Number of protein chains: 2
Amino acid sequence: MNTTANQVFKIGDLAKRSQVSVGTLRYYESLGLIVPIDRAANNYRYYSPETLQQVQFIKKAQSLNFSLADIQNILKLRSTGESPCSLVDKLLNEKIEHLEQQIQSAIAFKEELETFRDRVSNIPPTASSDPTICQHISAVSLT
Amino acid sequence: MNTTANQVFKIGDLAKRSQVSVGTLRYYESLGLIVPIDRAANNYRYYSPETLQQVQFIKKAQSLNFSLADIQNILKLRSTGESPCSLVDKLLNEKIEHLEQQIQSAIAFKEELETFRDRVSNIPPTASSDPTICQHISAVSLT
DNA sequence: ATTGACTCTTTAGCCGACTATAGGGTTTAC
DNA sequence: GTAAACCCTATAGTCGGCTAAAGAGTCAAT
């Protein structure tokens with residue numbers, strides 16, 4: 001089978017183009033995330049260019065903390081009556097909310113830490129060079 | 001040993017107060033994250049109240065995406081000359097930067113998604129109720 | 001026709017952070 | 001004094017997301 005002229009990829013081509021390993025692509029298939037268009041007599045997987053887009057979608061979603069289970073759920077809706085958009089949106093809103101909480105918490109944590117650092121720097125040199133002081137202050141106060 | 005009057009906890013007490021399971025506490029000890037003050041004749045672990053603060057510190061750091069290895073590194077500095085504050089600060093800045101990147105990406109992703117959702121909603125009812133269309137648009141365009 | 005690069009399946013291993021289980025000792029309350 | 005509730009160690013299992021290895025078939029170029 002010609003894998004360049006008529007835009008059909010073998011798994012190695014797809015791996016190179018998507019920067020995802022062959023093993024990972026087979027793993028994704030085992031989860032139902034991607035499906036080859038054809039499985040000819042030689043038993044090789046052949047993919048359409050759309051699969052490349054699909055893999056990039058998976059990678060993008062993953063980079064945004066979507067689990068493969070989340071992605072499975074989104075893709076599973078292809079076979080139901082519901083539009084995946086509402087689920088994607090719901091999941092996305094959850095992720096964004098979680099991220100926002102985290103970043104707020106991280107900012108607060110950092111501010112606390114800076115306070116402690118300043119407190120430590122006002123301790124006489126001998127004492128402030130003792131790491132147990134910073135450690136102790138951090139451990140006790142950051143809770 | 002009296003575990004209430006003189007402020008010494010057994011592992012179960014510590015577990016209840018910190019909301020961390022007994023098994024997890026023993027696991028933390030195996031990583032050197034916490035150390036009991038005493039290991040009396042009965043071989044039971046006994047903890048000072050400071051350990052509770054320490055566990056809460058670990059949990060807080062974890063909730064901010066610090067790995068136990070990160071926390072190990074921070075705590076390890078107790079035994080070296082360097083103040084843990086600078087490492088905590090470095091790790092924290094890395095986490096915050098990562099989170100900020102993620103949230104920016106998530107916001108952009110959400111905006112893209114909303115655009116696609118709107119695009120789908122302008123497709124005639126029969127077509128827009130076909131989930132493969134939203135799926136397809138998402139898969140192709142969100143990369 | 002052979003070599004090397006590719007492909008296939010199946011199975012096993014890895015990492016982090018736990019959780020569970022087995023088998024046994026200790027403490028505490030009644 | 002006995003039974004429940006606690007503690008101990010050591011080992012194994014779980015989950016997610018892969019990666020690696022074994023053993024075998026296929027394809028393309030020379």
Side-chain angles (χ1 to χ4, degrees), chain A residues 1-6 8-47 51 55 57-75 91 95, chain B residues 1-6 8-47 51 54-75 91 95:
Chain A
M1 194 182 278
N2 186 328
T3 61
T4 50
N6 52 4
V8 174
F9 306 147
K10 285 192 293 187
I11 199 165
D13 300 333
L14 184 57
K16 270 184 204 120
R17 287 169 193 256
S18 65
Q19 305 273 73
V20 166
S21 80
V22 167
T24 299
L25 291 173
R26 288 197 272 246
Y27 174 61
Y28 286 171
E29 182 176 335
S30 77
L31 299 178
L33 298 179
I34 57 173
V35 180
I37 43 168
D38 197 12
R39 204 69 185 251
N42 58 12
N43 205 28
Y44 284 16
R45 293 163 176 89
Y46 291 98
Y47 298 97
T51 312
V55 173
F57 172 77
I58 293 167
K59 284 285 140 192
K60 176 131 189 178
Q62 260 192 323
S63 76
L64 296 170
N65 282 330
F66 285 76
S67 68
L68 294 183
D70 286 340
I71 298 167
Q72 253 178 341
N73 286 331
I74 292 167
L75 299 180
L91 291 171
K95 300 295 168 187
Chain B
M1 193 183 275
N2 186 327
T3 61
T4 51
N6 52 4
V8 174
F9 307 147
K10 284 192 294 187
I11 199 165
D13 300 333
L14 184 57
K16 269 183 206 122
R17 286 168 193 256
S18 64
Q19 302 274 73
V20 166
S21 80
V22 167
T24 299
L25 291 173
R26 287 197 273 245
Y27 174 62
Y28 287 172
E29 182 176 334
S30 79
L31 300 178
L33 297 179
I34 58 172
V35 180
I37 43 167
D38 197 12
R39 204 69 183 254
N42 58 10
N43 206 27
Y44 284 17
R45 292 162 176 90
Y46 290 97
Y47 298 98
T51 312
Q54 190 113 340
V55 173
Q56 286 167 344
F57 173 78
I58 293 168
K59 284 286 141 194
K60 176 132 189 179
Q62 262 191 322
S63 76
L64 296 171
N65 281 330
F66 285 76
S67 68
L68 293 182
D70 286 340
I71 298 167
Q72 252 178 343
N73 286 331
I74 293 167
L75 299 180
L91 291 171
K95 300 295 170 189

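All values derive from a computational prediction rather than experimental measurement. The sequence lines fix the lettering, A, B, ..., with proteins before strands; numbering per chain opens at 1.
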Completion exercise
Closest heavy-atom pair, Ser18(A) versus Val55(A), reported as atoms and distance to 0.1 Å, is CB-CG1, 3.7 Å
Handout entry: Asp70(B) CG - dC15(C) P separation (whole Å)
Key = 17 Å
Exercise for the section: Give a yes/no on whether any side-chain N or O of Asn42(A) is located under 4.0 angstrom from OP1 or OP2 of dC27(D). Expected result: yes
Handout entry: Side-chain N or O of Arg45(B) closer than 4.0 Å to phosphate OP1/OP2 of dC7(D)
Key = no
Exercise for the section: Indicate whether OP1 or OP2 belonging to dT7(C) is found under 4.0 Å from a side-chain N or O atom of Arg39(A). Expected result: no
Fill in the blank from the handout: On a heavy-atom basis, the closest approach of Ile34(B) and Leu25(B) is CD1-O, 3.6 Å
Practice task
Starting from the 5' end of DNA chain C, give me the residue, Ala41(B) or Leu68(B), whose nearest nucleotide shows up first.
Solution key: Leu68(B)
Handout entry: Note, Val8(A) side chain near Asp38(A) side chain (heavy atom, < 4.5 Å)
Key = no
Practice task
Tell me which nucleotide among dT19(C), dT9(C), dC18(D) gets nearest to the side chain of Thr24(B).
Solution key: dT19(C)
Practice task
Tell me whether the OP1 or OP2 atom of dC18(C) has a side-chain N or O from Lys59(B) closer than 4.0 Å.
Solution key: yes
Exercise for the section: Using atom types as modelled and distance alone, determine if a side-chain donor or acceptor of Gln72(A) lies under 3.5 Å from a backbone N or O of Leu31(A). Expected result: yes
Practice task
Find the distance Lys16(A):NZ to dA5(C):P and express it as a whole number of Å.
Solution key: 12 Å
Exercise for the section: Using five pairs at either end of the helix from dA1(C)-dT30(D) to dC30(C)-dG1(D), determine the angle between the two local helix axes and round it to 10 degrees. Expected result: 10°
Handout entry: Between dA28(D) (P) and Asp13(A) (CG): distance, integer Å
Key = 12 Å
Handout entry: Sole residue of Tyr46(B), Tyr44(B), Tyr47(B) in side chain to side chain contact (heavy atoms under 4.5 Å, CB included) with Ile11(B)
Key = Tyr47(B)
Fill in the blank from the handout: Leu33(A) atom CG is separated from dG17(D) atom P, nearest whole Å, by 10 Å
Handout entry: Intermediate values then yes/no, side-chain contact (heavy atoms from CB on, under 4.5 Å), Ile58(B) and Tyr28(B)
Key = CA-CA 9 Å; Ile58(B) 293 168; Tyr28(B) 287 172; 4.0 Å; yes
Handout entry: Separation of atom CZ in Phe66(B) from atom P in dA17(C), rounded to whole Å
Key = 13 Å
Exercise for the section: Answer yes or no: side-chain N or O of Tyr28(A) and base N or O of dG17(D) forming a donor-acceptor pair under 3.5 Å. Expected result: no
Exercise for the section: Determine: side-chain N/O of Gln62(B) to OP1/OP2 of dC18(C), distance under 4.0 Å, yes or no. Expected result: yes
Fill in the blank from the handout: So NZ of Lys10(A) and CZ of Arg45(A): to nearest 0.5 Å the spacing works out to 13.5 Å
Completion exercise
note: Ile11(B), atom CD1; dT27(C), atom P; distance rounded to Å ~ 16 Å
Practice task
Return yes if the base of dG16(D) and the side-chain atoms of Tyr27(A) contain a donor-acceptor N/O pair under 3.5 Å, otherwise no.
Solution key: no
Practice task
Consider only side-chain N and O atoms of Gln62(A) and Lys59(A), and report whether a donor and an acceptor are under 3.5 Å apart.
Solution key: yes
Problem - Length of the line joining Phe9(A):CZ and dT7(C):P, which is rounded to integer Å - result: 13 Å
Problem - Comparing Ser67(B) and Tyr44(B) on DNA chain C - which has the more 5′ nearest nucleotide - result: Ser67(B)
Handout entry: Between dT19(C) (P) and Arg26(B) (CZ): distance, integer Å
Key = 13 Å
